[in-house]
Amino acid sequence: MEEVSNFLTEIIDEDIATGFSEQIHTRFPPEPNGYLHIGSAKAIFINWSISKKYNGLFNLRYDDTNPVKEDTEYVDSIWEDIRWLTGEEPSGGVYYGSDYFEKCYECAVALIRDGKAYVCDLTHEEVRAYRGTLTTPGKNSPYRDRTPEENLQLFQAMRDGKFPDGSRILRAKIDMASPNMNMRDPAIYRIVRAHHHRQGNAWCIYPLYDFAHPIQDALEGITHSLCSIEFENHRPLYEWVVDNCPLPHHPKQREFARLNVTNTVMSKRYLRELVETQKVEGWDDPRMPTLCALRRRGYTPNAILNFVQRAGIAKANSLVDIRLLEHCIREELNETALRRMAITEPIKMVITNYSEDETEVFSVSNNPQDASAGTREIPFSRELYIEKSDFALVPPPKFQRLKPDGEVRLMGAYIVRCNEVITDENGEVVELRCTADLETGNGMPVDGRKVRGTIHWVSAPTAIDASIYLYNNLFSLENTNDVPEGTNYLDYLNPDSLKRLDGCKLEPSVAEVPVGTRMQFVRMGYFIKDAEDNRYNRIVTLKDSFAKTMQK
RNA sequence: UGGGGCGUAGCCAAGUGGUAAGGCACGGGACUUUGACUCCCGCAUUCGCUGGUUCAAGUCCAGCCGUCCCAGCCA
């Protein structure tokens with residue numbers, strides 16, 4: 001992967017030049033409330049790759065300050081996905097925001113002592129009313145001028161569980177007239193009696209993101225807290241916390257635009273709903289944009305990282321074409337994937353000049369791009385299967401595959417001529433009777449004639465029957481633009497987006513391929529064999545310019 | 001309409017006063033034992049708009065337009 005260079009690295013270069021920071025330290029702070037997806041990969045990539053570039057450190061920190069949304073299932077999956085994506089454990093360590101609750105409490109107490117925070121008894125509704133609107137300033141809470149002593153006592157009582165949930169909050173005393181809504185005396189602690197996945201019932205008060213995050217960053221020695229752009233409005237508050245709390249270190253927050261991908265639902269809320277309502281099989285359903293689903297489909301970490309980098313890192317909102325992602329995985333698999341032949345929609349081909357009890361093996365390259373991938377032996381016999389779409393009874397112009405009385409190369413084997421087409425009562429082609437050019441073998445025609453097309457095939461007696469799941473623009477909407485405003489995205493999922501195809505024929509050497517080996521689905525795409533249930537999931541479609549031509 | 005961010009090709013994106021990189025997509029051609037891959041060629045007289053400064057403006061200034069974010073005791 002190329003070294004990253006963007007407006008963020010420019011900021012860091014300058015910080016190093018001016019002595020603001022020496023060793024660069026970044027972090028990725030997911031809330032464990034869902035699985036990581038392709039959008040998360042951008043935040044991981046930015047923070048992680050920058051730590052690598054500067055020989056710095058990279059922390060994984062679970063931002064688990066809201067007990068009602070978080071779960072250990074997500075903690076585990078996040079760790080696994082990050083390890084997979086970056087190929088290593090976070091160099092700076094793995095942390096939990098909740099481990100700093102005591103420190104957060106101390107900071108809050110310090111703010112109270114300094115008269116910079118107060119306990120507010122206003123109800124939710126009152127708080128909202130006092131906050132004002134975008135265009136009108138807020139009003140000071142009547143509790144704003146409580147003495148530090150009184151606040152200290154009340155805050156302690158909050159911690160001791162003397163007050164019911166939601167009855168009081170601790171607020172930072174900043175400016176109720178600030179044009180930035182985040183600065184209008186934001187809540188920094190709330191009362192919630194909920195089981196925390198790590199702290200259990202040790203706490204009934206929890207710090208809010210805006211308060212906890214800068215503290216976590218500072219305690220971990222983070223130099224650059226790189227987050228997505230919706231937090232730009234929070235930066236003044238981030239700095240306020242860092243400046244006003246007794247912290248050992250001043251991290252710097254900078255922001256970048258989130259990643260959006262065409263026809264892809266990226267909101268964790270919707271993804272969770274898809275799983276919970278069982279519209280998909282799970283978080284790793286191949287239609288999902290999650291990292292575990294992409295992994296299952298055979299996407300590699302490198303392809304995903306490459307995609308994120310090529311999509312660009314800037315501050316402008318963007319909607320990146322999913323074809324760029326597909327390009328990235330195709331590019332990599334083209335070099336690395338072992339090829340295997342498979343037939344999705346079989347029609348039988350009988351080689352009439354090849355005797356029934358005869359059989360031979362052809363040696364075929366595992367990867368034409370890479371001789372070191374070796375070869376494999378595949379059996380050839382009188383009865384074969386070929387792809388239905390590789391034969392045309394009435395060939396369109398420029399059709400290079402097989403047609404009546406036409407010739408075609410069976411990949412790695414003989415050139416065959418179609419002599420007879422057998423159809424059923426509906427006119428469907430069920431069998432082709434062909435003769436092979438046995439003289440030529442797996443070589444060029446001895447008489448020098450030109451045979452344009454090459455198609456894939458599988459020997460019938462040894463073919464492995466399989467079911468394959470095909471997806472059609474996974475996890476996607478048919479057309480995002482068609483979704484009326486305010487409509488639940490889930491209603492617009494393409495019902496045909498995951499289709500099981502039975503009766504597929506795979507070449508026998510597939511059985512010997514180690515689990516996880518990628519297979520090129522000839523002319524169709526790449527597949528990965530699933531270790532658990534022996535499913536084959538299609539991942540990326542190769543380009544078929546003939547199909548494209550036909551569409552015109 | 002308060003504040004902040006962002007507008008460069010169909011989609012991303014570089015560009016920091018000196019005459020518009022690159023990738024994806026797309027179109028054309030060559031090659032090919034998978035119509036893939038690979039390789040060539042093409043693809044912004046112009047940078048949201050309008051003025052201004054300058055020998056010179058995508059870059060500086062002013063005004064306007066568009067778009068995204070903020071009124072959770074979510075992150």
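Numbers restart at 1 for each chain; the letters A, B, ... are given by sequence-line order, proteins then strands. Owing to the predicted nature of the structure, the values given are computational and were not obtained by experimental measurement.
Nearest nucleotide to the A/Asp321 side chain, out of B/rC74, B/rC11, B/rA71: B/rC11. The side chain of A/Ser318 lies closest to B/rA13 when the candidates are B/rA13, B/rC73, B/rG2. Looking at the side chain of A/Thr135, the nearest of the listed nucleotides B/rU33, B/rA75, B/rG2 is B/rG2. Of the candidate nucleotides B/rC73, B/rC74, B/rG23, B/rC73 has the atom nearest to the side chain of A/Ile169. Nearest nucleotide to the side chain of A/Ala314, out of B/rA75, B/rA14, B/rG35: B/rA14.
Note on A/Glu220 versus A/Arg27: no salt bridge recorded, every NZ/NE/NH1/NH2 to OD/OE distance being 4.0 Å or above. Ion pairing of A/Glu507 with A/Arg339 is absent here, as no side-chain N (NZ or NE/NH1/NH2) approaches a carboxylate O to less than 4.0 Å. A salt bridge links A/Arg61 with A/Asp217: at least one charged nitrogen is closer than 4.0 Å to a carboxylate oxygen. A salt bridge does not link A/Lys69 with A/Asp64: every distance from a Lys NZ or Arg NE/NH1/NH2 to an Asp or Glu carboxylate oxygen is 4.0 Å or more. Salt-bridge formation is detected for the pair A/Glu232/A/Lys315: a Lys NZ or Arg NE/NH1/NH2 atom is positioned less than 4.0 Å from an Asp or Glu carboxylate oxygen. The residues A/Arg146 and A/Asp121 are annotated as salt-bridged, a charged nitrogen and a carboxylate oxygen being separated by less than 4.0 angstrom. Salt bridge annotation for A/Asp15-A/Lys252: present, with a cationic side-chain nitrogen under 4.0 angstrom from a carboxylate oxygen.
One atom, CD1 of A/Ile11, and another, P of B/rU16, lie 17 Å apart when rounded to the nearest Å. Rounded to whole Å, the distance from CG on A/Leu237 to C1' on B/rG72 is 14 Å. If you take CD of A/Glu31 and P of B/rG72, they are 18 Å apart, rounded to a whole angstrom. Separating the CG atom of A/Leu324 from the C1' atom of B/rG10 is a distance of 14 Å, rounded to the nearest angstrom. Whole-Å rounding puts the A/Arg27 CZ to B/rA75 C1' distance at 12 Å. Straight-line distance from the CG atom of A/Asn182 to the P atom of B/rC69: 14 Å, rounded to whole Å. A/Met444 places its CE atom 10 Å from the C1' atom of B/rU32, with the value rounded to the nearest Å. Here the P atom of nucleotide B/rC69 and the CE atom of A/Met181 are 16 Å apart, to the nearest Å.
Counting non-hydrogen atoms under 4.0 angstrom, A/Ile205 reaches nothing in the nucleic acid. Residue A/Asp165 is classed as having no contact, given no heavy-atom separation below 4.0 Å to the nucleic acid. Across all strands shown, A/Phe231 has heavy atoms under 4.0 Å from base atoms, whether or not it also approaches the sugar-phosphate. Counting non-hydrogen atoms under 4.0 angstrom, A/Gly138 reaches nothing in the nucleic acid. A/Glu10 comes within 4.0 angstrom of a base, heavy atoms only. In this structure, A/Thr123 reaches the bases: a heavy-atom distance under 4.0 Å links it to at least one base atom across the strands shown. Looking at heavy-atom distances under 4.0 Å, A/Leu208 makes contact with sugar-phosphate atoms alone, never a base.
Put simply, the side chain of A/Tyr35 does not reach to within 4.5 Å of the side chain of A/Leu291, judged on heavy atoms. No side-chain heavy atom of A/Val119 sits less than 4.5 Å from a side-chain heavy atom of A/Tyr143.
Consecutive Watson-Crick or G-U pairs involving RNA chain B, each under 3.5 Å on both distances, make up stems of three or more pairs at B:2-7 with B:65-70, B:10-12 with B:22-24, B:26-30 with B:38-42, B:48-52 with B:60-64.
Side-chain N/O atoms of A/Thr65 include one lying less than 4.0 angstrom from OP1 or OP2 on B/rA75. Contact between the side-chain N/O atoms of A/Arg131 and the OP1/OP2 oxygens of B/rC73 is found at a separation under 4.0 Å. OP1 or OP2 of B/rC24 lies within a sub-4.0 Å distance of a side-chain N or O belonging to A/His327. Residue A/Arg452 places no side-chain N or O under 4.0 Å from the OP1 or OP2 atom of B/rU33.
When the side-chain contact (heavy atoms from CB on, under 4.5 Å) test is applied to A/Pro179, no partner is found at least two apart in sequence or on another chain. Under the side-chain hydrogen bond (donor to acceptor under 3.5 Å, both in side chains) criterion, A/Asn366 pairs with A/Arg340, A/Arg376, not counting sequence neighbours.
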For this session: Let me have a per-nucleotide readout for nucleotides 37-44 of chain B, 5' to 3', with B, S or -, counting only protein heavy atoms under 4.0 Å.
Result: S-------

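Side-chain N/O atoms of A/His234 and base N/O atoms of B/rA75 include a donor-acceptor pair closer than 3.5 Å.
Considering CD1 of A/Ile169 and CD1 of A/Ile191, their distance stands at 9.5 Å, rounded to 0.5 Å.
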Can you tabulate the close N/O pairs, meaning under 3.5 Å, that link protein atoms to atoms of nucleotides 3-9 of chain B?
| residue | atom | partner | partner atom | Å |
| --- | --- | --- | --- | --- |
| B/rG3 | N2 | A/Asn233 | OD1 | 3.3 |
| B/rG3 | N2 | A/Asn233 | ND2 | 3.3 |

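Taking the six-membered ring for Trp and thresholds of 30 and 60 degrees, A/Phe101 and A/Trp203 have ring planes more than 60 degrees apart, a perpendicular arrangement.
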Exercise. Would A/Glu255 and A/Glu230 satisfy side chain to side chain contact (heavy atoms under 4.5 Å, CB included), going step by step from the backbone distance to the final call?
Worked result: CA-CA 8 Å; A/Glu255 308 82 12; A/Glu230 68 269 26; over 6 Å; no

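For the P atoms, the distance linking B/rA36 with B/rG28 amounts to 12 Å, nearest Å. The gap from the P atom of B/rC64 to that of B/rG27 amounts to 43 Å, rounded to the nearest Å.
Proximity of the aromatic rings of A/His197 and A/Tyr74 is defined here by a centroid distance below 6.0 angstrom, and this criterion is not met. Here the two rings, on A/Phe155 and A/Tyr105, have centers that are under 6.0 Å apart.
Residues from residues 185-195 of chain A that place a heavy atom under 4.0 Å from any atom of RNA chain B, listed by number: A/Ala187, A/Arg190.
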